[in-house]
Amino acid sequence: MNKNITQHELLKNFKVDGFCNDLINWFIQEQRDLPWRKDQDPYKVWVSEIMLQQTKVDTVIPYFNSFIEQFPNIESLANANEDRVLKAWEGLGYYSRARNLQSAVREVHERYEGIVPNNVEEISSLKGVGPYTTGAILSIAYGVPEPAVDGNVMRVLSRVLLIREDIAKPKTRKLFEAVIRDLISKDNPSFFNQGLMELGAIVCTPTSPSCMLCPVQEHCRAFQEGVQRELPVKTKKKATKQVSLVAGIFLDENNNYLIRKRPSEGLLANLWEFPNFSKVEELGTPKQQLQSFMKTEYGLEVEMHEYLCDIRHVFSHLVWDINVYVGKFKGQSINRNDVVVVSEEELKEFAFPVSHQNMWKKYKKEE
Ligand code: SF4
């Protein structure tokens, strides 16, 4: 394909109005009943769009409902303690989304009197609000014809318009944005964008698009040529990195548990976890390494019990393989402000990454 293909060439002889009508009418009739579609409150649209990044709709629904119950508006989220927000996000992953959302909401609270901005310039300057979220909030909450391009939308349009550009490249996203600026319904940009997203989610799916049920089939060039499964073109990501960890669930004589807070920057920042470290094969068995880690790191003589389980957690770029052990320590003050010793009841108030929640579940089952 010509490298410098433009949106004008792509839309030549394309029935823009017919496509928009078919898409929007289908969306009106077939859209799923989702909690964030009950009203157009920009705050709720914003929360839902952030939660839906990298996460399936079914997973998001209960999180969204409980998050909105706890933080029903800008003010309540702006004033909330970060630990409570992370707790509400616990298990949803990509925790920087929650931290960025809260700091952006605080900015809206302080700078814009609690009203989510309704223009590209202001809204896209908020933390964690990229071009996709900008377009989604502006079109859904305010009816502004702004593109909202994510992987789903690129898949659908690459098929409809037979676009063979590599969707992993940033400049391809720009091309899709330009196409949508010409294509988007100026009467109903909200349903146009939501219709594209919905079509990608339930009809034009990655491996087995349901073309026979598709409302825009007559407009779809990939379908006409029988190449829908070859699109979109996407170069493969780099191999994921594998990390071997050893972790310990340690309790004292009063059945209190030792947990620590992760650093405030980087992966899973500010979440809580059981003590753990990267295993070094040459330094002995995992059990021995854990014992000396607790001594050097926290000054604790621990009594090791049994091996508990292995936990594997797969991130988008990284895999953790964790050997988990249980042990005891003698209660004493630990001079570190990233460590607390808490009862089982108190432990429930802290937000843990999924891998550590799974360790805990396994531990409770075996207890
Ligand atoms: S006809 Fe098939 S490939 Fe084309 S948009 Fe519809 S589901 Fe996707």
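Whatever order the structure lists ligands and atoms in, that order sets their numbers, starting from 1.
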task: Start with the C-alpha gap between Phe64 and Trp36, add the side-chain angles, then the distance that decides, and say whether ring pair (Phe, Tyr, Trp, His ring centres under 6.0 Å) holds.
output: CA-CA 8 Å; Phe64 175 82; Trp36 46 90; 5.3 Å; yes
message: In this structure, does ligand 1 have an atom that sits under 4.0 Å from one of the heavy atoms of Val156?
response: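 Flag not set, Val156 not near ligand 1.
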Proximal atoms of ligand 1 relative to [X] (non-hydrogen, under 4.0 Å):
X: Cys214; value: 1 (S), 5 (S), 6 (Fe), 7 (S)
X: Val160; value: 5 (S)
X: Cys204; value: 3 (S), 5 (S), 7 (S), 8 (Fe)

query: Which heavy atom of the protein is the closest neighbour of atom 3 (S) of ligand 1, given with residue, atom name and distance?
result: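 Atom 3 (S) of ligand 1 sits closest to the protein heavy atom Gln228 CB, 3.5 Å.
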query: At what distance is the nearest protein heavy atom to atom 2 (Fe) of ligand 1, and which residue and atom is it?
result: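 For atom 2 (Fe) of ligand 1, the nearest protein heavy atom comes out as Cys211 SG, 2.3 Å.
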query: Okay, side chain of Lys44, backbone of Pro42: is any donor-acceptor separation there less than 3.5 Å?
result: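 No, Lys44 side chain to Pro42 backbone: no donor-acceptor pair under 3.5 Å.
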query: What part of Cys220, side chain, backbone, both or neither, has a heavy atom within less than 4.0 angstrom of ligand 1?
result: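 The answer is the side chain of Cys220.
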- request: List in chain and number order the residues that pass side-chain hydrogen bond (donor to acceptor under 3.5 Å, both in side chains) with Arg336, two or more places apart in sequence or in another chain; answer none if no residue qualifies.
  value: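 Result, side-chain hydrogen bond (donor to acceptor under 3.5 Å, both in side chains) vs Arg336: Glu297, Asp338.
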task: Tell me, with the steps shown, if Phe329 and Phe250 meet ring pair (Phe, Tyr, Trp, His ring centres under 6.0 Å).
output: CA-CA 7 Å; Phe329 69 101; Phe250 288 99; 7.0 Å; no
task: Using the six-membered ring wherever Trp is involved, compare the ring planes of Trp360 and Tyr363 and label them parallel, tilted or perpendicular (cut-offs 30° and 60°).
output: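 Aromatic pair Trp360/Tyr363 classed tilted.
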message: Using the rule that Ile, Leu, Val, Met, Phe, Trp and Tyr join whenever any side-chain heavy atoms are under 4.5 Å apart, tell me whether Leu245 and Val326 fall into a single cluster.
response: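 Yes; tracing contacts between hydrophobic side chains, which count when under 4.5 Å, links both residues.
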